[in-house]
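Worksheet: one structure, shown below.
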Amino acid sequence: MKIPYINLNLQWQKEKKQLLKVIDKTLASGSWVGGANIEKFERNICNFLKVKHCVALNSGTDALTLALSLVNVKKGDEVITPPNSFIASTAAIAHLGAIPIFADVKEDQNIDPEDIEKKISKKTKAIMPVHLSGKPCKMENIKILSKKYNIPIIEDAAQAIGTKCNNKFVGTFGVIGCFSAHPLKNLNAIGDSGYIVTNNSRLANKAKLLRNHGIENRNNIKTFGYVSRMDNLQAVVLNERFKKLKKIIFKRRKNAALYFNYLNNLKSIKLPIETKGEFSTYHTFVIKAEKRDQLKEYLNKKGISTSIHYPYLIFEQEAYKKRYKKINVNDYPISKKLKKSIITLPINQFLKKNQIKKICDEIINFYK
Ligand SMILES: *Cc1c(COP(=O)(O)O)cnc(C)c1O
């Protein structure tokens, strides 16, 4: 039995009949960029997250870059963010000429509010927490800092649609929440897509201008903008898949519960437990494991594919080192420790119970 990490082919097979119909209808309409499907997608997200505005964009990366520029992050400004995220969080900061200032994370891989406070300076223009793996950051604490120092929060919720912190959806704590609908995310398009959410009408309107060349109406250009719109085709697919979002989250949480059930007593690993007030959506299922590299190799031999999110910290990447001053990894003890022990197990909604049992059995066998 081979167990793939993800299974987009199977997703397509299951949805093909229904999606081909709406795709055909969209292409036949001749309306390929902009249009009613985009607005419908934005309404869907607003209703789901209980937020005033959603602006559909072409990627999570553009969502982050646009969001930071909307709160006026400029050249030389500092933005506080964790070092263990996907590269795009920091890339967005770099694209604006700003300086990423890393705060270490806690044992749950998410940014440590205490370290954020230590890193705040006169130059800090935004705090960008990342809800890694679909687990919420300590948003109440980060909100307190944001108020105390008057620094806006831009949330990287790319992996966390539907995640909640004390019954409130992540992405709605900060001034702007940024999401991705990349094929690997829980709510996924058939290509690149993303969106931002905000309760601030002025920022939402500005984002709508900027995503579309700064065009207000046909002949009036308000500002120099970008091409960061979501395609109509992506919106139409996302609207279909949106109908299943609650089910997808439910299934992923059920898979997590199976892992907890089978692996609970195993001393050699640590599971990503939800603490009080947390509602995780398990974009990824990251465990901490002794002898991580050997375990990964062993599972691979047994036909079980796993991943590591992420094997390097962002400041260890060439892209960072070429531009910014050197950082000593020992100043980030938790991030340094975690990157050596984390391994991501398959958790997607298409897994069967017996597949998860098989993964767990093999993990138990490995440590015997
Ligand atoms: C996926 C992801 C992004 C970028 O999203 P894209 O849509 O691929 O541009 C940003 N941050 C995090 C944490 C991500 O996982």
Side-chain angles (χ1 to χ4, degrees), residues 5-6 8 41 45 54-69 79-96 100 102-103 105 108-111 126-137 139 142 153-163 170-171 173-174 176-197 207 211 226-231 233-235 237-238 241 252 272 280-286 307-315 317 319-320 335 338-339 342 344 347-348:
Y5 176 69
I6 43 146
L8 295 181
F41 173 73
I45 294 297
C54 171
V55 183
L57 301 169
N58 65 346
S59 71
T61 305
D62 272 25
L64 290 166
T65 313
L66 209 56
L68 288 172
S69 75
V79 179
I80 298 175
T81 194
N84 63 340
S85 182
F86 180 55
I87 194 69
S89 321
T90 294
I93 299 166
H95 288 322
L96 296 170
F102 297 107
V105 295
D108 72 351
Q109 288 198 290
N110 277 337
I111 198 162
I127 301 169
M128 187 204 277
V130 180
H131 307 287
L132 208 67
S133 78
K135 194 178 206 289
C137 293
M139 289 317 294
I142 299 171
I153 300 169
I154 300 295
E155 293 178 76
D156 182 343
Q159 303 188 357
I161 180 73
T163 295
V170 303
F173 284 88
I176 303 173
C178 306
F179 293 85
S180 166
H182 179 276
L184 291 181
K185 307 291 163 73
N186 288 8
L187 175 62
N188 61 348
I190 50 171
D192 282 308
S193 280
Y195 44 102
I196 57 172
V197 299
R211 74 173 167 186
Y226 306 92
V227 184
S228 294
R229 307 166 295 223
M230 182 185 286
D231 292 335
L233 202 55
Q234 301 300 350
V237 169
L238 284 170
R241 290 179 173 170
R252 282 175 174 260
S280 292
T281 45
Y282 298 102
H283 165 61
T284 52
F285 192 79
V286 178
S307 191
I308 297 173
H309 297 94
Y310 297 92
Y312 299 103
L313 302 176
I314 288 171
F315 55 71
Q317 296 289 357
Y320 177 89
S335 300
L338 288 178
K339 72 167 182 169
I342 48 172
T344 313
I347 184 90
N348 68 73

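As the structure is a prediction and not an experimental result, all values here were calculated from the model. This chain uses plain numbering: 1 for the first residue, then up along the sequence. Atoms within a ligand are numbered from 1 in the order they appear, just like the ligands themselves.
Checked against a 6.0 Å centroid threshold, the rings of Phe102 and Tyr320 count as neighbours.
Checked options His131, Gln109, Glu155; the residue passing with Cys137 is His131 (criterion: side-chain contact (heavy atoms from CB on, under 4.5 Å)). Results of the side-chain contact (heavy atoms from CB on, under 4.5 Å) test with Ile342 over Thr284, Val286, Asn84 single out Val286 as the only residue that passes.
Within the 4.5 Å cutoff, side-chain heavy atoms of Val197 are placed close to those of Phe179.
Within a 6.0 Å sphere centred on OH of Tyr226, other residues, nucleotides and ligands contribute 12 heavy atoms or fewer.
Side-chain atoms of His95 and Thr65 include no donor-acceptor pair closer than 3.5 Å.
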Ligand 1 polar-atom proximity to protein (N/O, under 3.5 Å):
residue: ligand 1; atom: 5 (O); partner: Ser180; partner atom: OG; Å: 3.3
residue: ligand 1; atom: 7 (O); partner: Gly60; partner atom: N; Å: 2.7
residue: ligand 1; atom: 7 (O); partner: Ser180; partner atom: OG; Å: 2.6
residue: ligand 1; atom: 9 (O); partner: Gly60; partner atom: N; Å: 3.3
residue: ligand 1; atom: 9 (O); partner: Thr61; partner atom: N; Å: 2.8
residue: ligand 1; atom: 9 (O); partner: Thr61; partner atom: OG1; Å: 2.5
residue: ligand 1; atom: 11 (N); partner: Asp156; partner atom: OD1; Å: 3.3
residue: ligand 1; atom: 11 (N); partner: Asp156; partner atom: OD2; Å: 2.8
residue: ligand 1; atom: 15 (O); partner: Gln159; partner atom: NE2; Å: 2.8
residue: ligand 1; atom: 15 (O); partner: Lys185; partner atom: NZ; Å: 2.9

